[in-house]
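Worksheet for the structure shown next.
Computed from a prediction, not measured in an experiment: that's the story for all the values here.
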Amino acid sequence: MPAQRTAGRPVGGRRYARPMSDTTAPDPTVSPADLELLHEAIAIAQRARDHGNHPFGSLLRTAGGEVVEAENTVVTEGDPTGHAETGLVRLVARRFDKATLKGATLYTSTEPCAMCAGAIHWAGIGRVVYALAEQQLLGMVTEQEGEATLDLPCREVFARGGDAVSVSGPALFEEASAVHAGFWS
């Protein structure tokens with residue numbers, strides 16, 4: 001069993017603590033092929049940042065090898081739901097049928113938030129692979145505009161759904177965190 005530790009962060013001026021699993025070790029279920037696509041997702045996150053948005057990027061690869069990508073557009077589109085994953089879900093839901101999405105993998109630079117995990121679930125995407133864990137990101141965020149981040153791992157959201165979504169991650173901590181360096185302060 002992974003080591004348990006306590007995470008605390010300010011919420012409404014208070015600190016809370018909850019046990020969390022170890023998110024620092026790379027997930028052994030992430031394959032070399034997955035790593036290549038995670039590198040691409042991180043590059044998309046850098047483009048999002050270069051375009052004035054939050055540094056998040058995602059792509060979806062179907063079992064047939066088709067790739068669709070999306071970057072975060074929260075700032076430039078003035079849309080709080082403009083996360084990379086939700087934008088990607090909108091694109092792929094129009095393009096592919098449910099069977100194709102069930103066999104597809106969504107790669108993302110950072111673990112999907114609760115909203116994005118819900119969108120992934122509703123789209124029926126079968127697998128998610130992420131580079132940076134939410135808990136790792138929370139360790140870097142010193143200041144954030146608007147509402148505080150929901151501290152709810154995507155695995156917990158997916159576990160509540162009817163169809164299982166396979167999740168692999170975290171992986172590539174150094175590379176994935178570099179795109180956030182200096183952004184949140």
All side chain to side chain donor-acceptor pair (under 3.5 Å) counterparts of Thr81, not counting sequence neighbours:
Asp79, Arg90

Does Val129 belong to the same Ile/Leu/Val/Met/Phe/Trp/Tyr cluster as Leu172, with side-chain heavy atoms less than 4.5 Å apart forming each link?
yes

Got a donor-acceptor contact below 3.5 angstrom from the Ser177 side chain to the Phe173 backbone?
yes

Could you tell me if the side chain of Phe56 sits less than 4.5 Å from the side chain of Pro112, heavy atoms only?
no

Grouping I, L, V, M, F, W and Y whenever their side-chain heavy atoms are under 4.5 Å apart, do Val92 and Leu38 come out in a common cluster?
no

Should Ile42 and Val30 be regarded as members of a common hydrophobic cluster, given that ILVMFWY residues are connected when their side-chain heavy atoms come within less than 4.5 Å of each other, either directly or indirectly?
yes

If we only count heavy atoms from C-beta on, is the Leu59 to Leu37 side-chain gap below 4.5 Å?
yes

Are Phe158 and Ser166 close enough that some pair of their side-chain heavy atoms sits under 4.5 Å apart?
no

Determine whether Ile125 and Leu60 make a side-chain contact, defined as any pair of heavy atoms from C-beta on separated by less than 4.5 Å.
yes

Taking all non-hydrogen atoms of both residues, which atom of Asp27 and which atom of Ser168 are closest, and how far apart?
OD2-CA, 3.4 Å

Do Val128 and Glu85 come close enough that some side-chain heavy atom pair is under 4.5 Å?
no

Minimum heavy-atom separation for Ala84 to Ser58, with atom names?
CB-OG, 3.6 Å

Would you compute the distance between atom CZ of Arg49 and atom CZ of Phe183 and round it to the nearest 0.5 angstrom?
6.5 Å

Sidechain-backbone polar pair: Gln136 side chain, Ala133 backbone, donor-acceptor under 3.5 Å:
yes

To the nearest 0.5 Å, how far apart are CD in Glu134 and CD in Glu156?
9.0 Å

Among residues two or more places apart or on two chains, list those pairs meeting salt bridge (Lys or Arg N to Asp or Glu O under 4.0 Å) that have a residue in residues 119-130.
Asp34-Arg127

Please report the interatomic distance NE2(His180) to NE2(His54), rounded to the nearest 0.5 Å.
10.5 Å

Is there a chain of hydrophobic side chains (I, L, V, M, F, W, Y, each step under 4.5 Å between heavy atoms) that links Leu91 to Ile44?
no

If you define the side chain from C-beta out and look only at heavy atoms, does anything of Pro170 sit under 4.5 Å from Glu111?
no

Can you find a pair of side-chain heavy atoms, one from His121 and one from Val157, that are under 4.5 Å apart?
no

Quick check on the hydrophobic clustering: are Val89 and Tyr130 connected, directly or via other members, by side-chain heavy-atom contacts under 4.5 Å?
yes

Would you say the side-chain atoms of Asn53 pair up with the backbone N or O of Val75, donor to acceptor, closer than 3.5 Å?
yes

Under the criterion side chain to side chain contact (heavy atoms under 4.5 Å, CB included), I'd like the reasoning laid out for Val179 against Ser109: C-alpha separation, chi angles, the key distance, then a yes or no.
CA-CA 9 Å; Val179 75; Ser109 61; 5.6 Å; no

Side-chain heavy-atom pair Thr62, Phe96 within 4.5 angstrom cut-off:
yes

Distance in Å, Ile120 CD1 paired with Leu106 CG, rounded so as to fall on 0.5 Å steps
4.5 Å

Pairs involving residues 54-74, ordered by first then second residue, that meet salt bridge (Lys or Arg N to Asp or Glu O under 4.0 Å) (sequence neighbours left out)
Arg47-Glu69, Glu66-Arg95

